[in-house]
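Read the structure below first, then the notes.
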Amino acid sequence: MSNLWLFLGLGMTFAAIVLAGVALDWSISDRERAVKLLESQVGEGAGANQREDELEQPFTNRALLPLVGAAGSIAKRFTPVEARERMARKLVLAGNPPGWDAERVLAFKVLGVIGGAVGGLILAGIAGFSGMIVIAMLVLLGFVGFVGPDAILDGKVRERQREIRNALSDTLDLLTISVEAGLSLNAALSRVVQNTPGTLSSEFARMLQEIQLGVSRADAFRSLAERTDVEELNAFTLAMIQADVFGVSIGNVLRTQSQQLRIKRRQRAERAAQQTPVKIVFPLIICILPALFIVIVGPGVIRIIDSLFG
C-alpha cells in the first residue's frame with residue numbers, strides 16, 4: 001500500500017507540473033517574449049539588470065518553460081523531417097495560433113506520452129490490476145497523450161476552414177457589389193476587409209499586403225489558397241487567376257462564383273438536413289425510448305404483477 005501511495009503522489013505531482021507548464025506556455029505568446037527581450041536589450045543597464053529581471057519572473061516561467069523546450073528538442077531530434085513539415089503545414093492551415101509551433105507541439109506529444117503512461121500506472125495501481133492489463137493501460141493512455149495534440153490541432157484546422165466556408169458566400173456578394181459599383185478589385189477587397197471582420201477578412205488583408213509589397217496578384221491568390229485549403233475558396237482563387245491572365249471581366253466572374261457558392265451552401269444545408277434523422281436514431285434508441293417504456297409500460301407491469309402474485 002505504501003508503494004501505491006508513493007506512485008500516486010509522484011504521478012499527481014508530475015501531472016500537476018505538466019498541466020501548469022502547458023497552461024503557462026499557452027498563456028505567454030512568442031510576441032510578448034520578443035517584446036520583453038527587445039526591451040531588455042535596448043534599455044539602460046540591460047546587461048547588469050538582465051539577471052535581476054530573470055529572477056523577478058515567476059518560478060513557473062523559469063522552471064517549466066525550459067522543460068517544455070527540452071522536450072521539444074528531444075522530440076525534434078527523433079522526428080522525421082516529413083513529419084515536422086506536415087506539422088508545420090497543419091499550423092499554417094490553423095492560422096498559426098499564438099504560442100504554437102512545430103517544436104512545441106512535438107514537446108506536448110512527448111509530455112502527453114509520459115503523462116499518459118504515469119496516469120495509466122496510477123489507475124492500474126488504484127484498481128488493483130496487474131500483468132497485461134497494466135501494460136495495456138500504459139500503452140492506451142500513452143497513445144491518447146501522443147495523439148491528443150494532433151487532435152486539438154486538427155480541430156482548430158476544421159474550425160477555421162468551416163468559418164471561412166461559411167463567410168465566403170456573403171463576402172463574395174459584397175465583393176461583387178463593390179466591383180459592379182465601379183471599384184477596382186484591390187479597392188473592393190480593401191472595402192471587404194474594413195466591413196467584414198473574421199478569418200477570411202484577415203486572409204484578404206494579408207493578400208493585399210503581399211500585393212502592396214510587389215507580389216503579383218496571381219501569386220497572392222495562390223498563397224491564399226495554400227494557407228486555407230478550402231475547396232470553395234480554391235475554386236474562387238483559380239477563377240480569379242484565370243480572369244487576371246486572360247483578361248475576363250472580373251465582375252462577371254465574381255457574379256458567377258457568388259451564384260455557385262449560394263447553390264453549394266444550399267446543398268450543404270440540404271445534406272445536413274438529410275443526415276439529421278440518421279444521427280437521431282442512436283440517441284433515440286439508447287436514451288429516449290427506454291425512459292418512455294419505463295414511464296408508459298412500468299405502471300401497467302406493476303399492476304399485472306400485483307394482480308397475479310399479490
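FYI, side chains are in, hydrogens and waters are out, and symmetry mates aren't considered; it's all heavy atoms of this structure.
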Would you say [X] has more than 12 foreign heavy atoms packed within less than 6.0 Å of its [atom1]?
X    : atom1 : result
Q259 : CD    : yes
E231 : CD    : no
R268 : CZ    : yes

Side chain to side chain donor-acceptor pair (under 3.5 Å), paired with D150, selected from R86, K90, K109 =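 When side chain to side chain donor-acceptor pair (under 3.5 Å) is applied between D150 and each of R86, K90, K109, only K109 qualifies.
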Distance-only, no hydrogens or angles: does the [X] side chain make a donor-acceptor pair with backbone N or O of [Y] under 3.5 Å?
X    : Y    : result
R160 : T199 : no
D244 : M240 : no
S178 : A188 : no
S202 : G198 : yes

From [X] [atom1] over to [Y] [atom2], what is the distance, rounded to the nearest 0.5 angstrom?
X    : Y    : atom1 : atom2 : result
L308 : R303 : CG    : CZ    : 14.0 Å
F108 : W100 : CZ    : CH2   : 7.0 Å
R191 : N186 : CZ    : CG    : 13.5 Å
R255 : I250 : CZ    : CD1   : 12.5 Å
F204 : L200 : CZ    : CG    : 4.5 Å
I241 : L238 : CD1   : CG    : 6.5 Å

So, T171 and T196: side-chain donor and acceptor under 3.5 Å apart, yes or no?
-> no
Within one Ile-Leu-Val-Met-Phe-Trp-Tyr cluster: [X] and [Y], side-chain cutoff 4.5 Å:
X    : Y    : answer
M137 : V147 : no
V245 : V179 : yes
L172 : V192 : yes
L261 : I177 : no
I152 : V157 : no

Between D170 and R265, is a salt bridge (charged side-chain N to carboxylate O under 4.0 Å, His left out) present by the stated rule, with each step listed?
-> CA-CA 11 Å; D170 296 333; R265 184 170 61 179; 3.5 Å; yes
Does some side-chain heavy atom of [Y] sit less than 4.5 Å from a side-chain heavy atom of [X]?
X    : Y    : value
Q257 : T176 : no
Q161 : D229 : yes
L141 : L123 : yes
E232 : I164 : no

Do any side-chain atoms of residues 220-228 form donor-acceptor pairs under 3.5 angstrom with protein atoms, and if so which ones, sequence neighbours left out?
| unit_1 | atom_1 | unit_2 | atom_2 | d |
| --- | --- | --- | --- | --- |
| R222 | NH1 | D219 | OD1 | 2.9 |
| S223 | OG | D219 | O | 3.0 |
| R227 | NE | E203 | OE1 | 2.7 |
| R227 | NH1 | E210 | OE2 | 3.2 |
| R227 | NH2 | E203 | OE1 | 3.1 |
| T228 | OG1 | L224 | O | 2.9 |
| T228 | OG1 | A225 | O | 3.4 |

Run the numbers on D173 and R262 for side-chain contact (heavy atoms from CB on, under 4.5 Å), then give the verdict.
-> CA-CA 10 Å; D173 289 338; R262 282 194 292 270; 2.8 Å; yes
Among V230, V253, L175, find the one that has a side-chain contact (heavy atoms from CB on, under 4.5 Å) with F236.
-> L175
So, for P277 and A273, which heavy atoms are closest and what is the spacing to 0.1 Å?
-> CD-O, 3.4 Å
How far apart are the C-alpha atoms of L284 and V281, what are their side-chain angles, what is the distance that settles it, and do they pass the side-chain contact (heavy atoms from CB on, under 4.5 Å) test?
-> CA-CA 5 Å; L284 183 66; V281 168; 5.7 Å; no
